[in-house]
Structures are given as structure tokens and as C-alpha cells.
Amino acid sequence: GPTAEITVSIRKATETELRRFAALRALQEAEQKKTYNDLHAQIAKARTRGVEQVHIDRAEKLLKTLKPDPGTYLCKQTMKDQMRWDKITERSEEPESVTLCSATEGCSCNEPFRGNEQLEITTGLVNQAIHHCAPKDTTPERWLFEGLVSAAMAAPEGCV
């Protein structure tokens with residue numbers, strides 16, 4: 001009689017596919033934990049990693065039912081007290097300690113840089129970029145800092 005035949009080709013997953021899969025797993029784990037901050041972070045990562053929209057929509061629906069922990073955002077009084085120029089200190093040349101992401105045990109943001117990813121912090125670039133915008137009676141760093149604080153203070157409570 002007739003016979004059926006199926007041919008399967010297997011290939012190694014691409015780097016993009018692996019990242020997408022890891023982001024989906026992290027999103028699903030965050031959904032299980034049902035904590036606002038973890039889920040919010042994983043939704044953002046899922047978007048950037050190309051996770052299918054159906055999964056993101058499901059997570060966003062759950063997120064809307066959760067409330068952020070009040071200790072995880074700056075209230076306006078804390079900003080007013082703490083975000084002051086006189087509290088700014090100079091950056092030391094000592095290497096900073098690294099705190100790993102704790103959203104999930106195997107969170108992909110804890111992985112070392114891959115491919116062409118690179119983060120480089122260069123002293124003086126803010127001054128160079130905005131020196132012509134800042135008023136002459138203040139430094140560019142202070143002008144930028146005060147503008148950012150002013151914008152944060154104008155945001156609704158809980159948004160910063």
C-alpha cells in the first residue's frame with residue numbers, strides 16, 4: 001500500500017533565535033513570579049529581542065493587574081531631597097563592582113558582550129556635546145543634570 005515519508009532538516013539555531021528564546025523563557029518566568037518590576041523589565045527585553053507579539057500582549061495584560069512596589073520608584077519628595085547638585089561627587093578611577101540582574105536566574109542581560117556590542121564611557125563627552133547649549137553662567141554637566149531633574153519632577157508621581 002501507500003507509504004508516507006517525512007524529511008526533516010535540522011540546523012543550528014542562530015544567535016538571534018537563541019536570544020529570542022531566552023527572552024521568551026525569561027518573560028514566562030516573570031509572568032509566573034507576578035511581580036510588577038520583573039515583568040516590566042522582561043517585557044522590555046522581549047520587545048528588543050523580537051519575541052512574538054502574542055506573548056508580549058499576554059504579559060502586558062498581566063502587568064496591568066499588578067502594582068509597582070512603592071519602594072522601587074522615586075517619589076517627588078525623595079527627588080527633591082536627593083537629586084541636588086551639591087550631592088554630586090566626582091567619578092573615581094576605581095573600577096565599579098558589577099551587580100548582576102536578578103529578574104531571573106539565567107537572565108540574558110548578565111551574559112558578556114557578544115558580537116559587536118560594546119560600552120565605552122569617555123570622560124568629557126557631555127561637555128563636548130552640549131557646551132554650546134548650556135548657559136555661560138553654569139557648567140554643561142550641571143545644566144543637563146538640572147534639566148533632567150526638572151523633567152523628572154514634572155512627571156506624575158510613580159513614573160520615575
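FYI, side chains are in, hydrogens and waters are out, and symmetry mates aren't considered; it's all heavy atoms of this structure. Remember, predicted model here, so these are calculated numbers, not experimental data.
Closest approach of Ala134 to Pro140, counting heavy atoms only: CB-CA, 3.8 Å.
Going from atom CD of Gln128 over to atom OG1 of Thr123 covers 11.5 Å, rounded to the nearest 0.5 Å. Atom CG of Leu125 sits about 11.0 Å away from atom CD1 of Ile130, to the nearest 0.5 Å. The distance from atom CZ of Arg58 to atom NE2 of His55, rounded to the nearest 0.5 Å, is 6.0 Å. Within the model, atoms CH2 of Trp85 and CD of Glu141 stand 5.5 Å from one another, a figure rounded to the nearest 0.5 Å. Summarising the geometry, atom CD belonging to Gln82 is positioned 4.5 Å from atom NZ belonging to Lys87; distances are rounded to the nearest 0.5 Å. The CD1 atom of Ile56 lies 8.0 Å from the CD1 atom of Ile43; values are rounded to the nearest 0.5 Å.
Hydrophobic clustering places Ile88 together with Met83 (ILVMFWY residues linked when any side-chain heavy atoms are closer than 4.5 Å, directly or through intermediates). No chain of hydrophobic side-chain contacts below 4.5 Å, direct or via other Ile, Leu, Val, Met, Phe, Trp or Tyr residues, connects Met79 to Leu144. A continuous path of hydrophobic side-chain contacts links Leu148 to Val126 [ILVMFWY only; heavy atoms under 4.5 Å]. Transitive grouping of hydrophobic side chains (ILVMFWY, heavy atoms separated by less than 4.5 Å) keeps Val51 and Phe21 in distinct clusters.
Applying the 6.0 Å contact sphere to NZ of Lys67 captures no more than 12 heavy atoms from other residues, nucleotides or ligands. For Lys80, the NZ atom is loosely surrounded, since the number of other residues' heavy atoms within 6.0 Å does not exceed 12. In His40, the NE2 atom is not crowded: 12 or fewer heavy atoms of neighbouring residues, nucleotides or ligands sit closer than 6.0 Å.
Side-chain contact check for Leu18 versus Thr14: every heavy-atom pair is 4.5 Å or farther apart. Within the 4.5 Å cutoff, the side chain of Trp143 has no heavy atoms near those of the His131 side chain. Looking only at side-chain heavy atoms (C-beta outward), Gln77 and Asp81 come within less than 4.5 Å of each other. Contact check for Glu52 versus Arg20: side-chain heavy atoms found under the 4.5 Å cut-off. For the pair Val149 and Phe145, the minimum side-chain heavy-atom distance is below 4.5 Å.
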Does the pair Leu39 and Lys34 meet the rule for a side chain to side chain contact (heavy atoms under 4.5 Å, CB included), with working shown?
CA-CA 7 Å; Leu39 187 55; Lys34 292 187 173 132; over 6 Å; no

Could you walk me through whether Asp38 and Gln42 pass the side-chain hydrogen bond (donor to acceptor under 3.5 Å, both in side chains) check?
CA-CA 6 Å; Asp38 289 341; Gln42 293 307 324; over 6 Å; no

Evaluate side chain to side chain contact (heavy atoms under 4.5 Å, CB included) for Arg11 paired with Glu17, printing each intermediate quantity in order.
CA-CA 12 Å; Arg11 63 172 174 76; Glu17 291 167 333; 2.7 Å; yes

Let me see the working for Leu66 and Thr35 under side chain to side chain contact (heavy atoms under 4.5 Å, CB included), right down to the final yes or no.
CA-CA 7 Å; Leu66 305 173; Thr35 59; over 6 Å; no

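Side-chain atoms of Lys45 never come within 3.5 Å of backbone atoms of Ala23 as a donor-acceptor pair (strictly under, hydrogens ignored).
Considering only residues two or more places apart in sequence or on other chains, Glu146 meets the salt bridge (Lys or Arg N to Asp or Glu O under 4.0 Å) condition with Arg142.
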